[in-house]
Amino acid sequence: MLDEDFARIRAHRNNIHRYRRLLGTRLSDIERQFIERRLAEEETALKALAAQTFQVAFTPPKGQPASSGFGAAVVLRLLSCYC
């Protein structure tokens with residue numbers, strides 16, 4: 001199960017990188033809108049999968065509210081190193 005989750009995480013990350021590269025090219029307005037929408041969908045899916053796969057409680061730094069997404073940011077940063 002964990003291997004499947006890692007494979008899906010890698011697929012989302014690859015798609016995100018691909019869409020970011022495409023945004024750096026010459027695109028029509030409609031193509032740009034489509035890619036931006038797909039990029040947002042992939043990022044949302046990656047965050048949800050990471051939260052589901054790595055259910056770990058993180059303590060936010062002082063002065064940062066618990067709902068700031070600190071834990072998700074840490075997990076995504078770790079994933080970028082290992083996937």
Side-chain angles (χ1 to χ4, degrees):
M1 182 79 161
L2 193 58
D3 288 338
E4 293 171 7
D5 290 337
F6 283 143
R8 289 199 317 248
I9 287 169
R10 269 192 306 276
H12 286 302
R13 287 189 66 248
N14 290 341
N15 290 340
I16 289 168
H17 289 295
R18 183 179 311 110
Y19 291 137
R20 286 181 179 160
R21 269 193 323 269
L22 284 171
L23 287 175
T25 64
R26 189 173 176 176
L27 300 167
S28 69
D29 289 340
I30 197 158
E31 290 170 328
R32 185 166 301 282
Q33 289 172 359
F34 174 80
I35 292 172
E36 287 172 348
R37 186 176 70 242
R38 289 294 301 135
L39 177 60
E41 290 170 359
E42 289 289 341
E43 289 172 339
T44 301
L46 176 58
K47 286 179 186 177
L49 182 58
Q52 174 188 344
T53 304
F54 303 102
Q55 297 178 357
V56 179
F58 290 98
T59 305
K62 286 184 177 181
Q64 207 172 30
S67 63
S68 67
F70 172 74
V74 170
V75 168
L76 292 176
R77 193 166 297 133
L78 289 172
L79 290 175
S80 68
C81 298
Y82 295 106
C83 292

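Below, each value reflects all heavy atoms present in this structure, side chains not excepted, and no hydrogens, waters or symmetry copies.
- Using a 4.0 Å cut-off between charged side-chain N and carboxylate O, Arg8 and Asp5 make a salt bridge.
- Distance check: Arg32 CZ to Leu39 CG gives 11.5 Å after rounding to the nearest 0.5 Å.
- Between Tyr19 and Ile16, every side-chain heavy-atom pair lies at or beyond the 4.5 Å cut-off.
- How far CD1 of Ile9 is from CZ of Arg13: 9.5 Å, rounded to the nearest 0.5 Å.
- Of the charged side-chain nitrogens involved, none lies within less than 4.0 Å of a carboxylate oxygen, so that Arg20 and Glu42 do not count as a salt-bridged pair.
- In this structure the side chain of Arg21 never reaches within 4.5 angstrom of the side chain of Thr25, judged on heavy atoms.
- The distance from atom CG of Leu27 to atom CD of Gln33, rounded to the nearest 0.5 Å, is 11.0 Å.
- In this structure, CD1 on Ile35 lies 5.5 Å from CG on Leu23, to the nearest 0.5 angstrom.
- Taking OG1 of Thr44 as the reference point, atom NE2 of His12 lies at 10.5 Å (rounded to 0.5 Å).
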